[in-house]
Peer 1: 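Got a structure for you, questions after.
Here is how names work: the chains are called A, B, and so on, in the same order as the sequence lines, proteins then strands, and each is numbered from 1.
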Amino acid sequence: MPELPEVETVVAGLRSRLEGRRVRELVFLSPHLSRKQSFSVLSPEVYRGKKIERIWRRGKMIIFSFSGGCGLLIHLKMTGQLYLCPSEQFPDKHTHARMTFSGLKEELRFRDIRKFGFLDCLRMPEILRRVNSELGPEPLALNLAEFRDLLGRHGRKKIKAWLLDQKIIAGIGNIYSDEILFRAGIKPDRPAGELSLDEVRKLSRAMKSVLRKAIELKGSSISDYVDASGEKGRFQQKHLVYDREGQPCLRCRKSAIRREKIAGRSSFFCPSCQR
DNA sequence: AGCCCATCCTGTCCGC
DNA sequence: TGCGGACAGGATGGGC
């Protein structure tokens, strides 16, 4: 669910409601969020009375910084949700953490059906170290020369796997990689380093326009994605290939959309329009 | 270096 | 209506 545009939408909603707020308390409802990936070192007690200074996004990661130097590092993975809801609403069994605030009747909930996501309590330097070592550059901040250079540096990788690799470029997931490659007219299994200059240009443009448009439409709601205030996105109405196996291509109106496993993920493409 | 696969979880959907 | 298997927006680690 949550790729760069969805995470951006969630963060924008949280920022406007929560920046400057003082924490009343942070409570974990599940003993473990994710056995493998959680690396919390701080006790939830540390956050009591601290002020939220800033909330932002890096790739698909969400970062909260608080007064006193502590922070939260959050990843929604496949089914994670981060949203504000009335405190009196009873949390269900998939709600793993809640944070309440002084002078606010709503509280922040972290909910994740599959428990792949994490919400780690860490000091800011540790968060920044992790984010910078684990993530490549932001796709919307790359110019053409940098983008081209980056393609060349991992040139043997299939372009689909390249786009999905967070260490190379941060924030693109399975839906947007397919939508980007379709609009660029490039087959997902092409080696990244073998694209012509014209294709590199098309790919760069498609990447930015798809991400920007998706942010503008507040993300894609495939099954149950909702933003910080429970609103659905509308970019799913603009999907041209994702989950359209067997249906006619919306560009050539002739070929059927194909589905193949590439980079370990279902990949949708038009065999005529993408070369 | 890069690919495929299994794995962490729970829920849903589809075919029999 | 039940049951088993495949699959799902992510990411990692092992083996080849």
Peer 1: Could you work out which one of B:dC8, C:dC7, B:dT10 sits closest to the side chain of A:R259?
Peer 2: C:dC7
Peer 1: Under a 4.0 Å threshold between the charged nitrogen and the carboxylate oxygen, would A:D227 count as salt-bridged to A:K232?
Peer 2: no
Peer 1: For A:K93, answer base if it contacts any base atom (sugar-phosphate contacts may also be present), sugar-phosphate if it contacts only those atoms, and nothing otherwise; contact means non-hydrogen atoms under 4.0 Å.
Peer 2: sugar-phosphate
Peer 1: Would you tell me if any nitrogen or oxygen in the side chain of A:K60 comes within less than 4.0 Å of OP1 or OP2 on C:dG10?
Peer 2: yes
Peer 1: So, is A:K261 close to the B:dC3 phosphate, meaning a side-chain N or O under 4.0 Å from OP1 or OP2?
Peer 2: no
Peer 1: Ring-plane angle category for A:H239 and A:F235, please: parallel below 30°, perpendicular beyond 60°, tilted otherwise.
Peer 2: perpendicular
Peer 1: Across all strands shown, which nucleotide pairs with C:dG14 by Watson-Crick or G-U wobble geometry, both distances under 3.5 Å?
Peer 2: B:dC4
Peer 1: Between B:dC9 and A:H94, is there an OP1 or OP2 to side-chain N/O distance shorter than 4.0 Å?
Peer 2: no
Peer 1: Could you check which of C:dA11, C:dC7, B:dG2 has an atom nearest any side-chain atom of A:K157?
Peer 2: B:dG2
Peer 1: The side chain of A:Q166 is closest to which nucleotide in this list: B:dG11, C:dA11, C:dA8?
Peer 2: C:dA11
Peer 1: Does the distance from a Lys or Arg side-chain N to an Asp or Glu carboxylate O, for A:R258 and A:E260, drop under 4.0 Å?
Peer 2: yes
Peer 1: In terms of ring plane angle, is the pair A:H96 and A:F110 parallel, tilted or perpendicular, where the classes change at 30° and 60°?
Peer 2: tilted
Peer 1: Taking the P atom in each of B:dC4 and C:dC7, what is the distance between them to the nearest angstrom?
Peer 2: 15 Å
Peer 1: When rounded to the nearest Å, what value does the distance between C1' atoms of C:dC3 and B:dC8 take?
Peer 2: 24 Å
Peer 1: Tell me which nucleotide among B:dC4, B:dG11, C:dA8 gets nearest to the side chain of A:Y242.
Peer 2: C:dA8
Peer 1: Among C:dA11, B:dG11, B:dT10, which nucleotide has an atom closest to any side-chain atom of A:R114?
Peer 2: B:dT10
Peer 1: Tell me whether the side-chain N/O atoms of A:S266 come closer than 4.0 Å to OP1 or OP2 in C:dC7.
Peer 2: no
Peer 1: Could you check how far CZ of A:R111 sits from C1' of B:dC9, rounded to whole Å?
Peer 2: 14 Å
Peer 1: Under 4.0 Å from OP1 or OP2 of C:dA11: is there any side-chain N or O of A:H75 that close?
Peer 2: yes
Peer 1: Between B:dC9 and C:dG2, how far is it from one C1' atom to the other, in whole Å?
Peer 2: 23 Å
Peer 1: Tell me whether the side-chain N/O atoms of A:K115 come closer than 4.0 Å to OP1 or OP2 in B:dT10.
Peer 2: yes
Peer 1: On the nucleotide B:dC4, are OP1 or OP2 found under 4.0 Å from the side-chain N or O atoms that A:K158 carries?
Peer 2: yes
Peer 1: Looking at A:F118, is A:R130 sitting on its ring face, NZ or CZ under 6.0 Å from the six-membered ring centre and within 45 degrees of the normal?
Peer 2: yes
